[in-house]
Amino acid sequence: SCQPSTLPIDRSHTSFNQDSRIQSVIVHYTQIDDAQSLDELTRPESQVSAHYLLSREERDGQPVVYALVPESQRAWHAGVSHWQGAQALNASSIGIEIVNLGYADADAQLPLTERHWQAYTPAQIRTLALLLQQLVDRYQLPPTRLLAHSDIAPGRKVDPGPLFPWRHLHEHYGLGAWPDEARVSALLAVPGPMPSISEIQNLLLRYGYGLAATGVLDTQTRQTLQAFQLHFRPARYDGLPDRETVARLQALLEKYPPRN
C-alpha cells in the first residue's frame with residue numbers, strides 16, 4: 001500500500017486551554033565587561049547563555065542589545081531556581097544579562113551591605129525598559145513575573161544588585177511590581193508588635209519566594225529576606241526582619257494578590 005509522503009494534520013480546531021511558555025523575565029548582571037560577556041555567553045564550553053545581552057559600551061549613542069538565543073528556545077541562565085511554586089525556570093523564562101561589574105573583586109568577602117557596587121548607566125536603563133516593555137506586552141506578563149536573579153535564587157545569587165532601579169522602572173515605565181508608598185507609610189503607622197518569623201516566612205512564600213516555613217530566623221530565611229530587600233528595600237539589605245520590610249511585603253501582597 002502507498003503511504004502519504006507527508007503526515008496529514010487537521011488544524012481546523014484550536015483549544016482555548018493554553019498559554020505562553022514564557023512566564024517570567026529574569027534580569028541578571030554579567031560581572032564582567034562587554035567583550036568577556038559576549039564571549040562567555042556564546043562559547044560552548046561556558047555552558048551558560050541568555051536570550052539577550054545588553055552592552056555597557058554604546059554604538060551610535062546607545063547600548064547594543066544582542067539577541068543570543070531565540071525566545072522560543074531555552075537559555076541557560078537561571079540555574080537552580082524557584083518562583084511562585086515553579087522550579088527550574090530556564091524552561092519558562094526569558095533571561096536578560098546586563099553588562100555590569102557588580103562589586104569589586106576585593107569586596108567579595110565583605111557583607112553585601114559593605115560592598116561597592118557599579119551603577120547602571122542611564123542609557124542602559126532606557127534601552128532595557130524598551131526591551132522589557134516589548135517582552136511584557138508580547139507574553140502578557142504580570143508585574144510579579146519581572147524578577148531579579150536574586151529573587152529566584154536567594155543566597156546563591158545577588159544580581160542585579162542593590163543599584164538596579166526597580167522603582168524607577170515601575171514609576172517611569174510601568175514595569176514590574178512595586179509597593180504603594182502611601183500604603184507602606186500607613187502600615188508603619190499602625191502600632192503593634194512585629195509579626196513572628198513564621199508569619200514573615202509565610203508572607204514571603206505567598207509572594208513567591210521559595211523557602212521552608214521553619215519558624216526560625218535561619219540562614220535560608222535571612223537570605224530570602226535579603227533578596228526581597230535587594231529588590232524592594234535597597235536602602236537596607238542586611239537580611240534582618242524589621243517593620244518596614246514587613247510593611248513593604250504586606251503592601252505588595254495587597255496590591256498583587258497571589259493567584260489561586
* Once you round to the nearest 0.5 Å, how far does CG of Asn90 lie from CZ of Arg74? ->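 If I round to the nearest 0.5 Å, the distance is 6.5 Å.
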
* Asked: For the atom pair CG (Leu128) and CG (Leu54), what is the distance rounded to the nearest 0.5 Å?
  -> 6.0 Å

* Less than 4.0 Å between a side-chain N and a carboxylate O, is that true for Lys157 and Asp151? ->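 Here Asp151 does not pair with Lys157 in a salt bridge, since their nearest N and O are not under 4.0 Å apart.
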
* For Arg243, all residues meeting side chain to side chain contact (heavy atoms under 4.5 Å, CB included), sequence neighbours excluded ->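 With sequence neighbours excluded, Arg243 shows a side chain to side chain contact (heavy atoms under 4.5 Å, CB included) to Leu188, Met194, given in chain and number order.
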
* To do: Please assess His77 against Ser93 for the test side chain to side chain donor-acceptor pair (under 3.5 Å), listing each intermediate value before the final yes or no.
  => CA-CA 9 Å; His77 63 97; Ser93 65; 3.0 Å; yes

* To do: For residues 180-189, pull every pair meeting side chain to side chain donor-acceptor pair (under 3.5 Å), keeping only residues two or more places apart or in separate chains.
  => Trp178-Glu181, Glu181-Arg248, Arg183-Glu254

* To do: Search all heavy atoms of Ala251 against all heavy atoms of Pro179 and return the closest pair with its distance.
  =>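 The pair with the smallest heavy-atom distance is CB-CB, 3.9 Å.
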
* To do: Would you list the pairs meeting ring-ring contact (aromatic ring centres under 6.0 Å, His included) in which at least one residue belongs to residues 184-209, sequence neighbours left out?
  => Trp83-Tyr207, Trp83-Tyr209, Tyr207-Phe232

* Would you say the side chain of Leu204 lies within less than 4.5 Å of the side chain of Leu225, judging by non-hydrogen atoms? -> yes

* Looking at side-chain heavy atoms only, is the closest gap between Thr221 and Ile200 below 4.5 Å? -> no

* **Test item: Gln23 side-chain N/O and Arg145 main-chain N/O as donor-acceptor pair under 3.5 Å** =>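 No, because the side chain of Gln23 does not come within donor-acceptor range (under 3.5 Å) of the backbone of Arg145.
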
* To do: Report the residues that fulfil salt bridge (charged side-chain N to carboxylate O under 4.0 Å, His left out) with Arg21, sequence neighbours left out, ordered by chain and then residue number.
  => none

* Residues in side chain to side chain donor-acceptor pair (under 3.5 Å) contact with Glu71, at least two apart in sequence or another chain ->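 Expected list: Tyr52, Arg138, Tyr139.
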
* By ring pair (Phe, Tyr, Trp, His ring centres under 6.0 Å) - contacts of His231 (at least two apart) -> Trp166

* Ser37 vs Asp34, side chain to side chain donor-acceptor pair (under 3.5 Å): CA-CA, chis, key distance, verdict -> CA-CA 5 Å; Ser37 297; Asp34 285 72; over 6 Å; no

